[in-house]
Structure formats: C-alpha cells, structure tokens
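Please read all numbers here as calculations on a predicted model, not as lab measurements. Because only heavy atoms are used, hydrogens play no part in the values below, and waters and symmetry mates are left out as well, while side chains stay in. Residue numbers start at 1 and run along the sequence shown.
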Amino acid sequence: MKILSPAISQLARLRMGRIAYFMQYPVQVQQQVFQNLISAAQYTEFGKQHGFSKIYKIEEYKERVPVHTYDTIKPYIQRTMEGQQNVLWNTPIKWFAKSSGTTADKSKFIPVTVESLDECHYRSGRDVISLYYNNFPDSDVFTGKSLIIGGSHQVNKLSEDSDSYCGDLSAVMLQNMPFYGNMIRTPDLEIALMDEWEEKIERMANAVIHENVTSIAGVPTWTIVLIKRIFELTGKDNLADVWPNLELYMHGGVSFTPYRDQFAKLIRNPLMHYQETYNASEGFFAAQDVIGEEGLLLFLNHGIFYEFMPMEELGKENPRTLQLQEVETGKNYALVISTNGGLWRYLVGDTIQFTSLLPYRIKVSGRTKSFINAFGEEVIVENADMAIAKASEATGAVVNDYTAAPVYFSDQGNGGHEWLIEFEVSPSDVNTFVSVLDNTLKSINSDYEAKRHKDIALRPPVVHVLPRGTFCEFLKSKGKLGGQHKVPRLNNDRNYLEEILKFAATMNT
C-alpha cells in the first residue's frame, strides 16, 4: 500500500486545480452545469413536458418547471422503478437510493444514475480527500485502509421481473464502486453489505481489528457502536492503541456537536482530524475545506444546479428562489436542486445558511419541517403525530400536547428519544402506549426502524407523563400564551426539553 499511496495522493492534490476553478468562478460554473443538465434531458418525457428544448435562461426554467417535493415527482420515479426509461433522465436508471419517507410513504426512492455516481458522489469523495491533503500535505492517510461505515446496507431487487435495485446510498455506492476504491477500503464487500446489524458489527469488528486503518467514514451513531465493540474485543479504551496510524474521521448526516467530546475520549490522539461532509441520497453537496473551521465548501461542478429559497417563500404556490450571486450570509434558505440523477427543482428538505460568499461555504441549519435527526433517523412531525395517534387509539388515551428530543450517546449507554407527553385522558397502560408509539415509528420510518434494530444504535423511547396544564403554564411563563405560540413537537437538540423538565420540577415543589 505504501507503493500505491504516493500515486493516489498525487492525484488527490492535482484535483485541487479544478476545485480552485469553481471556487474562483462559481456563477459561471453553475451556469454551465445548468446548460448541461437541460441539454441532456431535453428529449426525456419530463424534458418534453416542460419544454427543455426551448429553455436558454435560468429564469425561463423557473417559469416552466415548478418546485417539486418527493410527493409531486414520485409518479415519474415510480414509473422508472417499474422499468420505464427516458422519463427523468436520458440514460438508463436501475439503482435507487432508499431513505426515510414522507407523510404518505415509509421510504423515499431517489434515482441514482451512472452520471450522478461518477460526477457527483465519487467525484465529491475524491474532492474530500483532495481538500484534506490541501490542509495536511504530509498526510499518510493512503498508507492504510479507509474503514467505511454506512447505514443499513441491504440491496434489494425491486421485483422479480425488473432490472431495478434499491438500497441505502452507501450500499449503492459500495456496489458500484470503481476497483481502485475497493483497494483502499475495509471491510470486504460481503460484510459491508450485510443488513443484520448485530452480526454485521461483530464480523466488522473482528475483520478490521488487525487492519492498518488510517481513516474512517460514517455516521457517528454506528461508528461509536463499532468502536465500543472493538474495545471489548481488544481490551483497549483508546482507538489510537488499536490503529496507531488513524488520522482522519469523515462524518456527516447528523450534527457532530453532541458527539465531539465522546470521540475525543474514544480516540485520544492529538494528531486526529475531523472533516465534515454533506452527502445525501439526492447528492453530495459540500465538505469542509478548512479543517477545524465552520462552513462546508459548496461543490459547484458536480452535476447539481442549486437554487436557494428564502424561508418566507416556503409553502407558496410559486415560490421565489435565488442564485448564488443573490444570497446573503446568515440567512436561512431551503435548498432546491436539479441534478444529473433526474431530480428537477427538487426541494431537498434541508435548510442551509451561507457562512461565506468568497468562496461559497454553507452549514446545515435545520429542516423545512420539525424533526429529530440526531442519529440519522430523520423522524418528522408527521411520523410522530401518527405514532401518538396509534398509541392513543390502542390505550384509550387522549393527548393534549407533547414534545420530544434526542438522548445522546454517552458512557452509560447508546442513544434514544425522550418524550414529554401531557394527557387529557391517561392511557390504560403507559408501557403499552410507549410500545405502540415505538413500533408505529418503526413501521412508518425505515431509518428509525434500522437504528432501533435490536437496540444496537437507539434504545427504546423514554416517556415522561407531565401533569395536565404543564405546557400551558410553561408557555405562560415565557409570555407566549396564545394561538400563534405552540410547543414544538420535535427538537433536534435537548434545550427546549430540558427547559420544560426544569419548569415541571418547579411546579411539583
């Protein structure tokens, strides 16, 4: 591997020239991406319906194509999944990235094309390494293996008579990864693609202990689970003692803030670096270019054309969107994308803020809907409302109000969700209420189901029953009693929940 390392590292450094180009000429690069997308798709069914062949300007594109959510673009995706081609994109689509669903669906299926893999996901992966080398020119990260930890890696054929497959994005990427990528990663594909997580963690831990792992890529949730199992097998309590050459952890998918201190305890190495990425099923959008500083460099020549919707436009019939040259720092925008994966003016569901405009750097500021996504579970309010309704129906309960937040990983155990619920009519059995709540979330949200599997990543939810009137008194104490003020159903941090718990404790004294 040391023989191969200099060649790979040199290629990574050469890529910096192209990165520097889109940093220097962002608007021009995005204009070219836009033209390439419209030209490629003009003879698809979607392109013909929306007159792509007559579109020359971005404003014409906005006039002809409405902003889409998954629900509105789903009929095109469904037909593609059934084997019809040239619907959304001009090359065959047989892979679909499965992610958490919408109000109506347990899962979303995002088309993955050859172009979106090669020009977006894989190119972005190479760019992440190039940016890292740009920060640390003397790095030896390619003298060893990269440990890839994804979500649930199951790949399924959609039907017996179709040639279409679905799986988590990480599974799709691993299944189609170029040979050189497989040369520098671990564990073997057989283990990486396992879907039974209890056995997978065991086999992965045993397989990688004796490897020379120099980098790790994955969501913090599963990474911590694996590290703890490795400690059990080796008797160590510092990952640097298992892998002395480990120098880089590439993380994304959830906020790293709650995990930072825990990783510092798990990997006690002053030379350890952490690099954030923003990689979703819909595309690889950004990555940290200055390690240790806030802001992710927006990837502008990766087959994605970006629009940015001011939050006041969200929900309007014809919302206004902005281009790069129109945005401001510190303001929330809903991310709208058009891609070489066949998504057209697609509302991703994330909100972002620009941290700088030269170059364009962003940070993920939240979601367009209330949510919990501390562990990659992406529970949205519609999920929670349905679970509350099912649990109430099963136990004869009537819920006045509720709020929920994550319980973060700690030395005492894995993560979970904590709920504060105020009942008008108490459930016949609180344990049954909690069980139905939990099982309903599993049934309607595939990401939550995967994290809850055998309690490996998420333990069962904890529910606190609050005295009747608690939420009303709390809002009153904040001067927010009234129809325009509501208790947020879901929170991706614990601040609001902790505040209510403290308030409830004072009510009982």
Side-chain angles (χ1 to χ4, degrees), residues 44 46 68-89 91-122 125 148-178 181 189-197 200 218-219 222 253 279-284 303 337 339-344 346 348-349 373 376-380 383 441-453:
T44 64
F46 190 94
H68 285 280
T69 64
Y70 181 78
D71 289 332
T72 59
I73 207 168
K74 178 185 171 183
Y76 297 96
I77 295 175
Q78 187 64 45
R79 289 170 49 205
T80 306
M81 291 172 67
E82 292 168 356
Q84 297 183 46
Q85 298 296 345
N86 209 41
V87 177
L88 288 167
W89 190 245
T91 62
I93 301 175
K94 69 174 184 177
W95 286 95
F96 297 84
K98 180 181 177 182
S99 66
S100 64
T102 61
T103 306
D105 297 286
K106 179 177 179 179
S107 300
K108 293 185 294 188
F109 296 91
I110 304 300
V112 180
T113 65
V114 171
E115 291 82 3
S116 63
L117 277 174
D118 291 344
E119 299 171 19
C120 183
H121 292 290
Y122 294 144
I148 307 295
I149 307 168
S152 174
H153 282 292
Q154 187 174 11
V155 175
N156 295 313
K157 191 169 184 178
L158 289 170
S159 67
E160 288 299 322
D161 55 353
S162 79
D163 191 31
S164 298
Y165 300 83
C166 70
D168 281 6
L169 175 65
S170 49
V172 176
M173 291 181 65
L174 284 171
Q175 196 75 37
N176 294 276
M177 186 171 286
L189 200 61
E190 175 193 359
I191 298 174
L193 290 175
M194 291 177 65
D195 67 314
E196 210 299 308
W197 268 97
K200 177 177 178 173
V219 295
W222 293 117
N279 187 14
S281 299
E282 295 87 354
F284 202 135
I337 58 172
T339 77
N340 55 8
L343 299 177
W344 301 105
Y346 181 84
V348 175
N373 189 34
E377 68 275 44
E378 297 192 40
V379 174
I380 59 177
N383 296 158
L441 286 174
K442 292 178 186 176
S443 70
I444 61 178
N445 183 314
S446 57
D447 286 332
Y448 180 85
E449 181 183 38
K451 302 301 183 297
R452 282 283 293 113
H453 181 66

Under the side-chain contact (heavy atoms from CB on, under 4.5 Å) test, residues paired with [X] that sit two or more places apart:
{"X": "Asn176", "result": "Trp95, Leu117, Tyr122, Val172"}
{"X": "Glu115", "result": "Trp89, Thr91, Thr113, Glu119, Asn340"}
{"X": "Asn86", "result": "Thr44, Asn90"}

In Å and rounded to the nearest 0.5 Å, what is the [atom1] to [atom2] distance from [X] to [Y]?
{"X": "Lys108", "Y": "Glu378", "atom1": "NZ", "atom2": "CD", "value": "6.5 Å"}
{"X": "Phe109", "Y": "Ser164", "atom1": "CZ", "atom2": "OG", "value": "11.5 Å"}
{"X": "Asp447", "Y": "Lys98", "atom1": "CG", "atom2": "NZ", "value": "9.0 Å"}
{"X": "Asn383", "Y": "Ile444", "atom1": "CG", "atom2": "CD1", "value": "4.5 Å"}
{"X": "Ser443", "Y": "Tyr448", "atom1": "OG", "atom2": "OH", "value": "10.5 Å"}
{"X": "Ile93", "Y": "Ile110", "atom1": "CD1", "atom2": "CD1", "value": "11.0 Å"}

Note, Leu441 side chain near Glu377 side chain (heavy atom, < 4.5 Å):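 The answer is no; the side chains never approach within 4.5 Å.
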Set of residues satisfying ring pair (Phe, Tyr, Trp, His ring centres under 6.0 Å) with respect to Tyr346, sequence neighbours excluded: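 Partners of Tyr346 by the ring pair (Phe, Tyr, Trp, His ring centres under 6.0 Å) criterion come out as none, since no residue qualifies.
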Is there a side-chain contact (heavy atoms from CB on, under 4.5 Å) between Met177 and Leu189 once you walk through the steps? CA-CA 10 Å; Met177 186 171 286; Leu189 200 61; over 6 Å; no
Aromatic plane relationship, Trp344 with Phe46 - under 30° parallel, 30 to 60° tilted, over 60° perpendicular: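 The arrangement is parallel - the two ring planes meet at less than 30°.
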Is the backbone N or O of Ala192 less than 3.5 Å from a side-chain atom of Lys200, with the two atoms forming a donor-acceptor pair by type?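 Indeed, once roles are kept as given, a pair shorter than 3.5 Å links the two residues.
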Quick one: list whatever passes side chain to side chain donor-acceptor pair (under 3.5 Å) with Gln85, sequence neighbours left out.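 With sequence neighbours excluded, Gln85 shows a side chain to side chain donor-acceptor pair (under 3.5 Å) to no residue whatsoever.
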